[in-house]
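Each remark here refers to the structure printed beneath this line.
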Amino acid sequence: MNTSAEVGMEVMGLNDPETAIKDMQPFMELMMYYECALMEIETKLKVLNSEFNIQHNRNPFESIKSRVKKPMSIIEKMRKKGLEITTDNIMDNLTDIAGVRVICSFPEDIYTVSELLTKQDDITVVNVKDYIRNPKPNGYRSLHLIVEIPIFLSNGKKYMKVEVQFRTIAMDFWASLDHKLKYKKDNLKHPEIIAQELKKCADMSVAMDYKMQEIRNMLE
Ligand code: 0O2
């Protein structure tokens with residue numbers, strides 16, 4: 001198995017271990033910037049959760065998970081795009097290196113939290129893909145935002161892009177099963193039948209999400 005230093009060397013296209021440490025510095029720094037951007041977004045979300053809890057006596061989201069894309073996935077994606085692997089190219093062309101997934105109980109909360117987050121004046125919305133209002137043909141639903149956020153370093157500020165995915169618990173449950181299908185498809189006899197069954201689950205879970213939201217609203 002590759003050590004992270006070896007993977008980092010591959011990312012930077014380096015062969016010579018002696019110069020590798022020096023030359024890997026920009027890549028390590030870039031990854032650290034993305035980590036910092038994730039911390040900023042996470043803090044903003046946690047603040048909103050606390051405030052919402054005090055004002056409305058409930059949490060608008062259940063959990064958040066964040067990750068920085070693995071070096072090997074960065075390499076694969078850059079190769080797929082036919083781009084030379086440099087830190088500038090990575091920053092300019094990949095928007096999902098830092099990713100946060102926000103899991104809400106109800107669809108309405110997704111739009112409430114995403115709006116509260118994006119109206120903050122240090123956040124710029126770069127792109128929105130609303131797969132809840134426009135689900136993918138396979139049944140995938142989630143709200144995807146690419147936002148840009150400043151991080152404050154000793155020598156000034158840097159603007160970093162973060163992908164924020166909002167889903168309900170049901171959408172997340174469905175997506176994890178669909179993810180398995182994606183990776184096991186080639187070894188399955190009838191992947192299309194499983195895909196059809198999954199699509200049926202997606203339709204059922206939409207109905208359940210909105211029915212439960214309706215009940216929640218009646219209770220409130
Ligand atoms: P991972 O491992 O989750 O990061 P782009 O990222 O813009 O180059 P694309 O497909 O235009 O590529 O972006 P899009 O549609 O915003 O989707 C990006 C991410 O959404 C995926 O990341 C998945 O996490 C999730 N996603 C999108 N479509 C599906 C789907 O049909 N099923 C499931 N389970 N997840 C989906 P990655 O990079 O594919 O993977």
Side-chain angles (χ1 to χ4, degrees), residues 2 4 7 11 30-31 33-35 37-38 41-42 45 61-104 107 110-111 113-114 117-118 123-149 159-188 191-206 208-209:
N2 279 348
S4 56
V7 172
V11 171
L30 184 63
M31 293 301 112
Y33 299 156
Y34 282 114
E35 297 271 5
L38 282 181
I41 295 281
E42 275 182 35
L45 287 164
F61 61 85
E62 290 296 319
S63 60
I64 47 178
K65 304 172 199 162
S66 48
R67 62 103 183 98
V68 171
K69 212 175 183 71
K70 293 204 177 84
M72 280 317 292
S73 307
I74 297 175
I75 299 176
E76 273 169 29
K77 204 154 186 180
M78 291 296 283
R79 284 187 183 148
K80 243 188 228 166
K81 286 178 181 267
L83 294 167
E84 195 192 339
I85 299 166
T86 64
T87 49
D88 280 350
N89 270 351
I90 291 172
M91 241 182 128
D92 293 345
N93 295 284
L94 300 189
T95 52
D96 65 342
I97 296 193
V100 185
R101 197 166 279 163
V102 186
I103 314 293
C104 302
I110 289 177
Y111 293 101
V113 184
S114 64
L117 179 72
T118 54
I123 285 200
T124 306
V125 180
V126 176
N127 190 25
V128 179
K129 285 185 193 167
D130 191 343
Y131 295 124
I132 297 175
R133 292 192 173 124
N134 305 296
K136 285 196 168 181
N138 62 354
Y140 178 77
R141 294 181 303 135
S142 282
L143 173 68
H144 293 189
L145 308 180
I146 306 293
V147 297
E148 204 165 53
I149 184 169
Y159 288 89
M160 305 303 297
K161 289 191 184 83
V162 177
E163 182 184 70
V164 192
Q165 296 183 349
F166 292 89
R167 303 173 171 173
T168 60
I169 299 168
M171 292 174 199
D172 192 47
F173 187 28
W174 183 93
S176 62
L177 206 51
D178 177 67
H179 197 256
K180 276 195 190 134
L181 172 65
K182 225 181 225 171
Y183 285 97
K184 301 206 165 163
K185 215 172 146 155
D186 297 339
N187 301 321
L188 295 171
E192 67 290 347
I193 294 178
I194 299 181
Q196 276 168 17
E197 291 303 305
L198 254 179
K199 174 70 174 68
K200 283 185 205 161
C201 284
D203 296 340
M204 287 189 273
S205 76
V206 180
M208 194 180 72
D209 265 348

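Every number for a ligand or one of its atoms is a count from 1 in the order of the listing. All residue numbers refer to positions in the sequence shown, counting from 1. Note that this is a predicted model, so its numbers are computed, not measured.
- The CD atom of E148 lies 11.0 Å from the OG1 atom of T95; values are rounded to the nearest 0.5 Å.
- One option in Q165, K81, K180 has a heavy atom closer to atom 21 (C) of ligand 1 than any other, and that option is Q165.
- Rounding to the nearest 0.5 Å gives a distance of 6.5 Å between CD1 of I193 and CD of Q196.
- For atom 13 (O) of ligand 1, the nearest protein heavy atom lies under 4.0 Å away.
- Heavy-atom contacts of A175 reach the following atoms of ligand 1: 34 (N) (cutoff under 4.0 Å).
- Of the inter-residue distances, the one linking F166 atom CZ with I110 atom CD1 reads 8.0 Å to the nearest 0.5 angstrom.
- Every atom of ligand 1 with a heavy atom of K136 under 4.0 Å away is listed here by number and element: 15 (O), 27 (C), 28 (N), 29 (C), 31 (O).
- Of the protein's heavy atoms, D178 OD2, 3.3 Å lies nearest to atom 33 (C) of ligand 1.
- Contacts between R67 and ligand 1, counted as non-hydrogen atom pairs separated by less than 4.0 Å, involve the side chain only.
- Scanning the protein heavy atoms around atom 39 (O) of ligand 1, the nearest turns out to be K182 NZ, 4.6 Å.
- Counting only heavy atoms of the protein, atom 17 (O) of ligand 1 lies nearest to H144 CE1, 3.6 Å.
- By heavy-atom distance, the residue among K77, E76, E163 lying nearest atom 6 (O) of ligand 1 is K77.
- Ligand 1 has at least one atom lying under 4.0 Å from a heavy atom of R101.
- With a 4.0 Å cut-off on non-hydrogen atoms, N138 touches ligand 1 through its side chain and not its backbone.
- Ring geometry for Y131 against H144 counts as perpendicular: the plane angle is over 60°, on a 0 to 90° scale with 30° as the lower cut.
- The side chain to side chain donor-acceptor pair (under 3.5 Å) with R141 is formed by just one residue from the set D172, N134, T168, D209; it is D209.
- The protein heavy-atom contact nearest to atom 15 (O) of ligand 1 is Y131 OH, 2.6 Å.
- Ranking protein heavy atoms by distance to atom 2 (O) of ligand 1, first place goes to H179 NE2, 4.5 Å.
- Taking every heavy atom of D96 and a limit of under 4.0 angstrom, the matching atoms of ligand 1 come to 6 (O), 38 (O).
- With respect to atom 25 (C) of ligand 1, the closest heavy atom belonging to the protein is Y140 OH, 3.3 Å.
- Not a single donor-acceptor pair under 3.5 Å links the side chain of D178 to the backbone N or O of W174.
- Applying the salt bridge (charged side-chain N to carboxylate O under 4.0 Å, His left out) rule to pairs touching residues 81-95 yields nothing, sequence neighbours excluded.
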_Verdict with supporting geometry, M78 and L83, side-chain contact (heavy atoms from CB on, under 4.5 Å)_ = CA-CA 5 Å; M78 291 296 283; L83 294 167; 3.8 Å; yes
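- Across all their heavy atoms, R101 and Q165 have their closest contact at NE-OE1, 2.8 Å.
- Close N/O approach between K129 and ligand 1 is found [any backbone or side-chain N/O within under 3.5 Å].
- Looking at atom 38 (O) of ligand 1, its nearest protein heavy atom turns out to be K69 NZ, 3.6 Å.
- Under 4.0 Å is where a charged nitrogen must lie from a carboxylate oxygen, and between R79 and E76 no such pair does.
- Residues satisfying the salt bridge (Lys or Arg N to Asp or Glu O under 4.0 Å) test with E62, not counting sequence neighbours, are none.
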